[in-house]
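To start, the structure itself, in structure tokens.
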Amino acid sequence: MSAVIRSTGLWTPDESVSNDELVACFNAYVERFNAENADAIARGSIEAKNPSSSGFIEKASGIKSRYTIDKAGVLDVERMRPRVKPRANDELALTAEAGVAAARDALARAGRDPKDVDAVICSGTSMQRTYPCMAIEMQDALGIEGFGFDMTVACSSGTFGMVNAINMIDTGMAKSVLVIVPEITTPQLNFRDRDSHFIFGDVAVAVLIEHEDVAGGEGWRVVGRNMMTKFSNNIRSNFGFLNASEDPEPDFDDRYFVQEGRKVFKEVCPMVAEMILNDMASFGLKPDQMKRLWLHQANINMNMLVARKVFGREFEPDEAPVILDEFANTAGAGSLVAFHRHNDGFEAGEKGLICSFGAGYSAGTVFVEKL
Ligand code: COA
């Protein structure tokens, strides 16, 4: 294979929200809801809402805080969603701005000029609009020639985007591709839902993938990649372009992320561990050759389970780094943020795996070797 991950770049919002701050707002909402509906709750026609807890969130998920594009809106009990100021059509779109910042970081780390790049793939859970493509807007803002396109595969958006870039390089279609994953997820989250209000955070990550002929011996050679999908309704959002035409119009609540967290946990972990082990076998790789697993970041307990199955033993924290404490679940960006933050200490020839998993279900693997 001829593709090399040359560099990565990251953008985070300025503000983050701790579990305690989030829970205080949620519990104020619950108190108010229960007081306003006291009679109906007493009659049994409305169910009282239960408070959330920071302790539960950290233990069940590993999340301690999350970045957000608007802390005040998220923590305003009257609102409980980020406030997004509309932008004129001639201004850079919000998600494009986040993606461009991550892309500039990736280009700077590799010492590359936008003119060196042939294509831009914008891959993320949700696109800000349908067209023109977010990738084309970012391509224009960065001054990149060639072409760009959008794609979306929920939490596997990052790895599936990379596999597309790797394949374009392997087939000779491009020498240098920027994969940009802007995950502005907090507007998709129902901050009034106790089961999921803590899950997501905002981030953008970018990966510059080059042909080995132009990578100059720097970066990470791709030594194997794969994608798999299996339909499941256990993680779902019904948000889409038909909503405004549906009659009766769906409840606003029905447009948010929902999941059966327990089922996801039980079904996805074995599916992913099996995929990784099968992929390793088909690429001639062995678990003891993996110095580090940069796994999807949804839940620390999922990562422990998957890593234990892959390594076939207990492992050290730096063998499967977790960024959930700072970032929470950043959907398609998670495994790439983990890679960006924790790829130090590798000697030439040492190997690792970037692996995503999530809604769809979907799972993607990109095996890499340090040059
Ligand atoms: N605060 C306090 N308690 C809470 C709570 C909250 N915010 N949310 C749920 N609980 C309670 C439940 O009511 C339940 O109580 P009960 O046992 O008395 O009924 C208990 O905690 C366990 O709830 P459950 O939903 O089974 O928790 P969990 O251990 O499965 O953890 C998730 C929930 C969402 C963290 C976990 O299921 C998960 O991460 N799943 C996979 C997520 C994932 O990968 N998603 C992919 C999206 S990309």
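One-based numbering, in listed order, for ligands and for the atoms of each.
- Checking side-chain atoms of Q297 against main-chain N and O of I323 turns up a donor-acceptor pair under 3.5 Å.
- Distance check on atom 3 (N) of ligand 1: some protein heavy atom falls below the 4.0 Å cut-off.
- The aromatic ring centroids of Y67 and F327 lie less than 6.0 Å from each other.
- Counting only heavy atoms of the protein, atom 22 (C) of ligand 1 lies nearest to F56 CE1, 4.0 Å.
- Using a 4.0 Å cut-off between charged side-chain N and carboxylate O, R109 and E218 make no salt bridge.
- Distance remark: protein heavy atom not present below 4.0 angstrom from atom 15 (O) of ligand 1.
- A salt bridge between E347 and K291 is absent, with no side-chain N of the basic residue lying under 4.0 Å from a carboxylate O of the acidic one.
- Of all the atoms in ligand 1, the ones that sit under 4.0 Å from a non-hydrogen atom of M302 are 41 (C), 44 (O).
- Closest protein heavy atom to atom 30 (O) of ligand 1: R262 NE, 2.8 Å.
- Distance check on atom 25 (O) of ligand 1: every protein heavy atom falls at or beyond the 4.0 Å cut-off.
- The shell of residues lying under 4.0 angstrom from ligand 1, judged by heavy atoms, includes S53.
- If you check which protein heavy atom lies closest to atom 31 (O) of ligand 1, you get A60 CB, 3.7 Å.
- Geometrically, ligand 1 and H296 share no nitrogen or oxygen pair separated by less than 3.5 Å.
- Closest to atom 43 (C) of ligand 1 among all protein heavy atoms lies Q259 OE1, 3.5 Å.
- Using a 4.0 Å heavy-atom cutoff, G358 is absent from the residues neighbouring ligand 1.
- The nearest heavy-atom contact from the protein to atom 47 (C) of ligand 1 is N329 ND2, 3.6 Å.
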Derivation of the side-chain hydrogen bond (donor to acceptor under 3.5 Å, both in side chains) call for T365 and N226: CA-CA 5 Å; T365 54; N226 197 14; 5.1 Å; no

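- For C155, the closest heavy-atom approach to ligand 1 falls below 4.0 Å.
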Evaluate the criterion side-chain hydrogen bond (donor to acceptor under 3.5 Å, both in side chains) for residue pair S2 and D170; output intermediate values, then yes/no. CA-CA 6 Å; S2 49; D170 276 344; 2.7 Å; yes

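- Between D344 and R292 there is a salt bridge, since a side-chain N of the basic residue sits under 4.0 Å from a carboxylate O of the acidic one.
- Close N/O approach between R194 and ligand 1 is found [any backbone or side-chain N/O within under 3.5 Å].
- Taking the centre of each ring, H197 and F26 come in below the 6.0 Å mark.
- Atoms of ligand 1 found under 4.0 Å from any heavy atom of A298 (numbered from 1 in listed order, with element): 43 (C), 44 (O).
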Test L305 against N301 for side-chain contact (heavy atoms from CB on, under 4.5 Å), laying out the working first. CA-CA 6 Å; L305 201 60; N301 302 310; over 6 Å; no

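- Remark: among candidates N234, N299, L324, the nearest residue to atom 36 (C) of ligand 1 is N299, based on non-hydrogen atoms.
- Ring pair F149/F147 is parallel by interplanar angle, where below 30° counts as parallel and above 60° as perpendicular.
- At a heavy-atom cutoff of 4.0 Å, ligand 1 is contacted by the side chain of I235 but not by its backbone.
- Less than 4.0 angstrom separates atom 18 (O) of ligand 1 from none of the non-hydrogen atoms of the protein.
- Below 3.5 Å of separation, one finds an N or O of G261 facing an N or O of ligand 1.
- A side chain to side chain donor-acceptor pair (under 3.5 Å) with N234 is found for exactly one of Q259, E267, E260, namely E267.
- Close approach of ligand 1 to D195 (heavy-atom distance below 4.0 Å) involves ligand atoms 8 (N), 9 (C).
- Although no hydrogens or angles enter the test, the distance criterion places a donor-acceptor pair under 3.5 Å between the side chain of S362 and the main chain of A359.
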